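In what follows, a structure is listed as structure tokens, so that the remarks can point back to it.
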Amino acid sequence: EQKTEEMSSIHANELQNLREELERSSAGGFERIRDEAQQERESAIESTLKALKESHTAEMEKVKSEMMAMANSSQSEQLEQIAASHKQEMERLRSELEASSSQALEKKVEEMTST
């Protein structure tokens with residue numbers, strides 16, 4: 001009976017040692033898994049942030065390009081309008097000058113023929 005108690009005691013100690021070793025192993029494994037998961041999360045966040053920054057930069061360049069095109073287009077349209085207005089004014093002045101010259105010439109011819 002003493003041998004049975006001794007064996008039971010040894011067995012209980014061995015079981016306790018195994019439990020403690022398993023708990024330490026599990027705790028270490030859990031910490032390792034948690035650390036790896038944290039590292040993966042941080043890496044994913046960094047990757048996402050980098051992609052967002054690149055996308056934002058590309059969008060800003062696109063908007064800048066579109067704004068410059070609009071400004072250039074607007075300036076071109078304004079220049080075309082000014083040129084058209086200038087051309088109309090020149091045509092009006094030419095017509096007035098021709099009419100005035102014509103009247104002056106007719107008057108001069110009339111003066112010369114009446115004398």
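Just so you know, these numbers come straight off a predicted model, no measurement behind them.
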Examine distances only and state if a side-chain atom of [X] and a backbone atom of [Y] form a donor-acceptor pair shorter than 3.5 Å.
| X | Y | value |
| --- | --- | --- |
| Ser95 | Glu91 | yes |
| Ser65 | Glu61 | no |
| Ser55 | Ala51 | no |
| Ser9 | Glu5 | no |

Discussion item. Assess the residue pair Glu98 and Ser102 against the criterion (side chain to side chain contact (heavy atoms under 4.5 Å, CB included)); give the C-alpha distance rounded to whole Å, side-chain angles, the decisive distance to 0.1 Å, and a yes or no.
Written reply: CA-CA 6 Å; Glu98 286 174 358; Ser102 206; 6.0 Å; no
Separation of [Y] [atom2] from [X] [atom1] (nearest 0.5 Å):
| X | Y | atom1 | atom2 | value |
| --- | --- | --- | --- | --- |
| Glu59 | Glu66 | CD | CD | 8.5 Å |
| Met68 | Gln75 | CE | CD | 8.0 Å |
| Leu18 | His11 | CG | NE2 | 9.5 Å |
| Met70 | Asn72 | CE | CG | 11.0 Å |
| Asn17 | Ile10 | CG | CD1 | 12.0 Å |

Worksheet item: Is atom CD of Glu20 surrounded by more than 12 heavy atoms (other residues, nucleotides or ligands) closer than 6.0 Å?
Response: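 More than 12 within 6.0 Å, yes.
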Discussion item. Would you say that more than 12 heavy atoms from the other residues, nucleotides or ligands in this model lie under 6.0 Å from the CD of Gln39, or not?
Written reply: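 No - once you tally the heavy atoms of other residues, nucleotides and ligands closer than 6.0 Å, there are 12 at most.
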Worksheet item: Should Lys53 and His56 count as side-chain neighbours, where that means a heavy-atom distance under 4.5 Å?
Response: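 No - every pair of side-chain heavy atoms lies 4.5 Å or more apart.
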Worksheet item: Between Gln81 and Glu77, does any side-chain donor sit less than 3.5 Å from a side-chain acceptor?
Response: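 Checked: Gln81/Glu77 side chains show no N/O donor-acceptor pair below 3.5 Å.
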Discussion item. Run the side chain to side chain contact (heavy atoms under 4.5 Å, CB included) test on Glu46 and Lys50 for me, step by step, so that the C-alpha distance in whole Å, both residues' side-chain angles and the decisive distance to 0.1 Å come before the verdict.
Written reply: CA-CA 6 Å; Glu46 286 177 21; Lys50 183 180 178 184; over 6 Å; no
Worksheet item: Taking 4.0 angstrom as the limit, do Arg92 and Glu96 come out as a salt bridge?
Response: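 Looking at Arg92 and Glu96, the cut-off is met.
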Discussion item. Applying side chain to side chain contact (heavy atoms under 4.5 Å, CB included) to Lys87 and Met90, what does each step give before you reach the verdict?
Written reply: CA-CA 5 Å; Lys87 186 177 178 181; Met90 291 297 289; 5.7 Å; no
